[in-house]
Amino acid sequence: MNYFNYVEGELYCEDLSVSDIVEKEGTPLYLYSLRTLKRHYQVFDRAFADIDHLVCFSAKANSNIAVLRVLVNEGSGVDVVSGGELYRSLKAGADPKKIVYSGVGKRREEIRFALESGILMFNVESSQELEVINDTARDLKTRAPIALRVNPDVDPRTHPHISTGLKENKFGIDMEKSVAEYRRAAEFEHIEIVGVDCHIGSQIVELMPFLDALNRMKSMIELVRAEGINIRYLDIGGGLGITYDREEPPHPDDYARAIVEEVRDLDCTVILEPGRVIAGNAGILATRVLFTKERDNKRFIIVDAGMNDLIRPSLYDSYHRVLPVRENDGGTAVADIVGPICESGDFLVKDREMPRFERGDLIAVMSAGAYGFTMSSNYNSRPRAAEVLVSGNQAAVIRKREGFEDLVRGETLPGFLLHHDGNR
Ligand code: LLP
């Protein structure tokens, strides 16, 4: 359930009409519903109430500090994958003791920042990374809490670009090598082993892959404990899918029930890293139709949001539902919705029957709260969209629309270009 509904033909976000907000803030515009974010978090968190657990929202899905703050206020921790995400999380007021740091390519400065911040644990993805963490912890005269990210080699049966738990992916340490790696980690003076971690992919709509991975992690814990190593945390990553179109992912209650059954007697705190399932359906992208044109019976609706604003359709052929912000009875038409970017791959919708949108209409691109703004760019020198958070009948700009000056911030004209005397 979410809080985007029609009231007398007008799309509302909570108690405010989307067109009123857009009238004020312009397009393209990301709009998030605070109630939806909270509700999704609470449903997910409560589903695990029976066991000792920690939900670490995956910041890559939506890292606006206000969005993070909403979840932090609910008790959430954060799963970060960069110094930047860690910085944002701390800005948002997250408790460092609820932050886990994953990612295959952590830099030394980022590791240092995380150690200085006192995070809960590093999810380590290679032997070399372990060495650098150990060295950095030695410099700081401390010990780094770590889990090894184990690659369980299960097929999440999702889009190949977002599956991460297969051997052919770059993520994690192979199952077979993991015990040896744990043994090695135990030798490092500045490493404190605290957990086991895995993450198998994203937008997963079945329980089976999660359970397969979980079973492998359980045997891993057994093997590691047999080495005399104390394991307190089992991090099983994120990945639970949502409905964009007709997918029927397991409800968080079912997902949790299946997991809780398996881990009840494990004597571990279970860490979960949901991203999409919390934020995906808590946000939309509002965009305005600039022009329409027809060619060889093909209709194009050209809007003011491009692949730089929402890249998911171009990158993964993802489906996002589109709704009219104001319903009309103009019938339907098959069309492409395309952006202003100079690439044929710049589309939001391909060949779909939808309401017959006309010039000036506002369109709501649904399910854009996760991997929407966070994946946006300035390609074609397009200032990035504004983000607005709605709470009941209040709307607050939580990131202002970029301007041209933001585009060139940090760029300089070097002295040797200033007195250019032609091509002599
Ligand atoms: N934990 C780790 C280590 C991850 O790599 C990810 C996502 C998550 C948690 C959160 O997964 P979620 O619960 O959101 O499925 N850009 C793609 C999705 C990439 C996901 C990357 N990792 C998309 O737009 O579909």
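Each ligand, and each atom within it, is numbered from 1 in the order the structure gives. As the structure is a computational prediction, the values presented were derived from the model and not from experiment.
Shown in contact with G238 at under 4.0 Å from a heavy atom are these atoms of ligand 1, numbered in order with element: 9 (C), 13 (O). Set against the non-hydrogen atoms of R276, the atoms of ligand 1 under 4.0 Å away are 12 (P), 13 (O), 14 (O), 18 (C), 23 (C), 25 (O). Interface of Y316 with ligand 1, defined as ligand atoms under 4.0 Å from a residue heavy atom, comprises 16 (N), 17 (C), 23 (C), 24 (O), 25 (O). Listed by atom number, the atoms of ligand 1 under 4.0 Å from M375 heavy atoms are 16 (N), 24 (O). Which parts of ligand 1 touch D79 is read off a 4.0 Å heavy-atom cut-off, strictly below it: atoms 1 (N), 2 (C), 9 (C).
By the 4.0 Å N-to-carboxylate-O rule, R232 lies close enough to E192 to be salt-bridged with it. One finds no salt bridge joining E85 and R88 here, because no Lys/Arg side-chain nitrogen approaches an Asp/Glu carboxylate oxygen to under 4.0 Å. A salt bridge links R35 with D15: the distance from a Lys NZ or Arg NE/NH1/NH2 to an Asp or Glu carboxylate oxygen falls below 4.0 Å. We find that D235 and R149 are not joined by a salt bridge, their nearest charged nitrogen and carboxylate oxygen being 4.0 Å or further apart.
Considering both main-chain and side-chain atoms, G275 comes within under 3.5 Å of ligand 1 through a nitrogen or oxygen pair. Between P274 and ligand 1, no N or O atom pair is found at a separation short of 3.5 Å. In terms of N/O distances under 3.5 Å, ligand 1 is not approached by R149. The distance criterion of under 3.5 Å between nitrogen or oxygen atoms is met by R312 with respect to ligand 1.
Taking a 4.0 Å cut-off on heavy atoms, G239 registers as neighbouring ligand 1. Residue contact annotation: V277 has no non-hydrogen atom under 4.0 Å from ligand 1.
Residue contacts with ligand 1 for L315 are absent, since no atom lies close enough (heavy atoms, distance under 4.0 Å). At a heavy-atom cutoff of 4.0 Å, ligand 1 is contacted by both the backbone and the side chain of E273.
Atom OH of Y6 has more than 12 heavy atoms from other residues, nucleotides or ligands within 6.0 Å.
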For this session: Go through D317 and F347 one step at a time and tell me if the side chain to side chain contact (heavy atoms under 4.5 Å, CB included) criterion holds.
Result: CA-CA 9 Å; D317 236 339; F347 65 90; 3.9 Å; yes

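Between F113 and L90 there is a side-chain heavy-atom pair separated by less than 4.5 Å. Y255 places a side-chain heavy atom less than 4.5 Å from the side chain of L272.
When the options R352, K298, R299 are evaluated for a side-chain hydrogen bond (donor to acceptor under 3.5 Å, both in side chains) with D336, the one that passes is K298.
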